[in-house]
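Let me begin by presenting the structure, written as structure tokens, before commenting on it.
Proteins get letters first, then strands, A, B, ... in listed order; numbering begins at 1 in each. Keep in mind it's a predicted model, so treat the numbers as computed, not measured.
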Number of protein chains: 2
Amino acid sequence: MRGNLFAVAVDLVVLTVRDAELCALLVRRDTPPFTGRWGLPGGFVLPHEDLLDTATRRLSEETGLALHGHHLEQLASYAAPDRDPRGRVLTVGHIAIVPRPPEPIAGADASGTAWHPVAKLIDGAAADALLAFDHGRILADGVERAQSKLEYTTLAASFCPPEFTVTQLRHVYEAVWRRSLDPRNFHRKVTGAENFIEPTGETAIRDRGRPAQLYRRGTATLLHPPLLRP
Amino acid sequence: MRGNLFAVAVDLVVLTVRDAELCALLVRRDTPPFTGRWGLPGGFVLPHEDLLDTATRRLSEETGLALHGHHLEQLASYAAPDRDPRGRVLTVGHIAIVPRPPEPIAGADASGTAWHPVAKLIDGAAADALLAFDHGRILADGVERAQSKLEYTTLAASFCPPEFTVTQLRHVYEAVWRRSLDPRNFHRKVTGAENFIEPTGETAIRDRGRPAQLYRRGTATLLHPPLLRP
DNA sequence: GCAAAAGTGTTCTCGGTACACCCATGG
DNA sequence: CCATGGGTGTACCGAGAACACTTTTGC
């Protein structure tokens, strides 16, 4: 068909919120190229796999978390001729959103697998050079996608455990957007949005202050009306 | 590195507005597979090319239009194992926006190259089966992307010639969204948006009615505030 | 009772919609 | 002067921001 062929890989921007910070999962590379540098989890697409199959498989292999209910979507493809010193490799970036997982990461097949706050990886002056390959760019694109999808979809709930409070949900928005929001207006907006979250009837146990109502994810995927960044 | 390699192609959803309809450029295939069927223009990525290079080259080869100022962006990648009967082919879909071009299409290297209204290609019951490969899906994704980008970017101006009237711009919105808009409110919104369009000082010649002010594209790429679909 | 956090009500303002109205041209 | 389309003014309405206020718990 054509003489010039590509290896095709999938890379994952796996995002979660820990301690009020948006974090990405990185693996320390133990083989060339870029040995010793941090990079995105990922791997090559096998003969029978579609792209999301590969992404799902690698996510479970590297985090030990099966993808039940976790959000996973394609981001963009990267294929600059010189992006991999080994030869022509096209990678399809994906973003995955997971609730804060138990630690250490169970079942990970890479020894050096850790969560890193994205702020330092993106804002820094020489941020591009911190990660292997063009993973700094892919990470930045993934974070931007997540930030904008919080506005008009219910993606934020994917960062939360099955049952959560409105305040927890607000902390997700604040961590991803890196802005603080008015708790009172936020409360009204998310409880007013159609099928964004639905009350369980239970309340959360707290050390002090009024107990908060618990909610679970609703059926909506699009937000009407959207929650725009200030 | 890995035994399983892919051919990598680029496919183009080239959009324009003709006679108040959103149209896509299709080519009639004269080689297998899908001989005789319509498909998106596109081609394989050459060894030295990045994805946008291939897209730019194929756009100019198939439409005769150089990409000066035309909008071109990546859409998504498609790599289902059975999407091409010849073997494993990954294609990176792109969308290109062009002003209404002179006809017939000059310099096209494919004899059967024609504009088709997208409505019939997408709405129809068996719309998926009309085009070669998974091009029906790629086209639908491209149209959806264009529709949503009209809301929060200045993309609509890319459908217009260098100088245009507010009414022409409104016809773009109406064709892409397939909704009619209030001409008076539309006028105020687009002339009020920062750096969306700027007046040339000239007026358009009309057969009847008050002459319209001419505008050119402004410097903004994002729309503040956005123009939301009703 | 007091502190702390959840949740509600009220006011102001701004952007969207609907639509009446005026302007500039050809015939 | 009339038809036609370009462009402006205005009144209403709903959503967002700011913030005072009430509720429910632990100590």
Does the A:Arg58 side chain pair with the main chain of A:Gly42, one donor and one acceptor, at a distance under 3.5 Å?
-> yes

Strand-adjacent residues in residues 212-230 of chain B, judged by heavy atoms under 4.0 Å from DNA chain D | B:Ala212, B:Gln213

B:Arg210 CZ to C:dT25 P: how many Å, rounded?
-> 8 Å

For A:Gln168, what residues pass the side chain to side chain contact (heavy atoms under 4.5 Å, CB included) criterion, not counting sequence neighbours?
-> A:Pro161, A:Phe164, A:Thr165

Among A:Val27, A:Leu12, A:Val14, which one satisfies side-chain contact (heavy atoms from CB on, under 4.5 Å) with A:Glu62?
-> A:Val27

Just jot down the side chain to side chain contact (heavy atoms under 4.5 Å, CB included) partners of A:Ala20, sequence neighbours excluded, or say none.
-> none

Return the residues of residues 153-185 of chain A meeting this criterion: a heavy atom under 4.0 Å from some atom of DNA chain D. Order them by number, or give none.
-> A:Asp182, A:Arg184, A:Asn185

Any ring-ring contact (aromatic ring centres under 6.0 Å, His included) involving residues 185-214 of chain B? Give me the pairs, sequence neighbours left out, ordered by first then second residue.
-> B:Tyr173-B:Phe186

Side chain to side chain contact (heavy atoms under 4.5 Å, CB included) involving A:Pro162 - partner list, sequence neighbours excluded | none

Using a cut-off of strictly less than 4.0 Å, decide whether B:His187 has a side-chain nitrogen or oxygen near OP1 or OP2 of D:dG6.
-> no

Which residues within residues 200-209 of chain B lie with some heavy atom under 4.0 Å of an atom in DNA chain D?
-> B:Arg206, B:Arg208, B:Gly209

Got a list of protein N/O to nucleotides 12-14 of chain D N/O distances below 3.5 Å?
none

Separation of atom CZ in B:Arg188 from atom P in C:dA18, rounded to whole Å | 12 Å

For residues 139-147 of chain A, run the donor-acceptor check on the side chains, cut-off 3.5 Å, and write out each pair with its distance to 0.1 Å, sequence neighbours left out.
{"from": "A:Asp141", "atom 1": "OD1", "to": "A:Arg137", "atom 2": "NH1", "distance (Å)": "2.9"}
{"from": "A:Asp141", "atom 1": "OD2", "to": "A:Tyr78", "atom 2": "OH", "distance (Å)": "2.6"}
{"from": "A:Arg145", "atom 1": "NH1", "to": "A:Glu73", "atom 2": "OE2", "distance (Å)": "2.8"}
{"from": "A:Arg145", "atom 1": "NH1", "to": "A:Gln74", "atom 2": "O", "distance (Å)": "3.3"}
{"from": "A:Arg145", "atom 1": "NH2", "to": "A:Leu75", "atom 2": "O", "distance (Å)": "3.0"}
{"from": "A:Gln147", "atom 1": "NE2", "to": "A:Val176", "atom 2": "O", "distance (Å)": "2.9"}

Separation of D:dG5 C1' from B:Phe186 CZ (nearest whole Å) | 16 Å

Quick one: salt bridge (Lys or Arg N to Asp or Glu O under 4.0 Å) pairs with a partner in residues 177-196 of chain B, sequence neighbours left out?
-> B:Asp123-B:Arg178, B:Asp182-B:Arg184

Pairs in or reaching into residues 198-214 of chain B: which pass salt bridge (Lys or Arg N to Asp or Glu O under 4.0 Å), with residues at least two apart or in two chains?
-> B:Glu198-B:Arg216

Taking C-beta and beyond as the side chain, do B:Leu90 and A:Val92 meet within less than 4.5 Å on heavy atoms?
-> yes

Validation row: B:Leu121, B:Leu26 side chains within 4.5 angstrom (heavy atoms) | yes

Name all residues meeting the side chain to side chain contact (heavy atoms under 4.5 Å, CB included) criterion together with B:Cys23; count only those two or more places apart in sequence or in a different chain, and write none if there are none.
-> B:Thr16, B:Arg18, B:Glu21, B:Trp115, B:Pro117

Determine yes or no for a side-chain-to-main-chain donor-acceptor pair under 3.5 angstrom, with B:Thr154 supplying the side chain and B:Ala220 the backbone.
-> yes

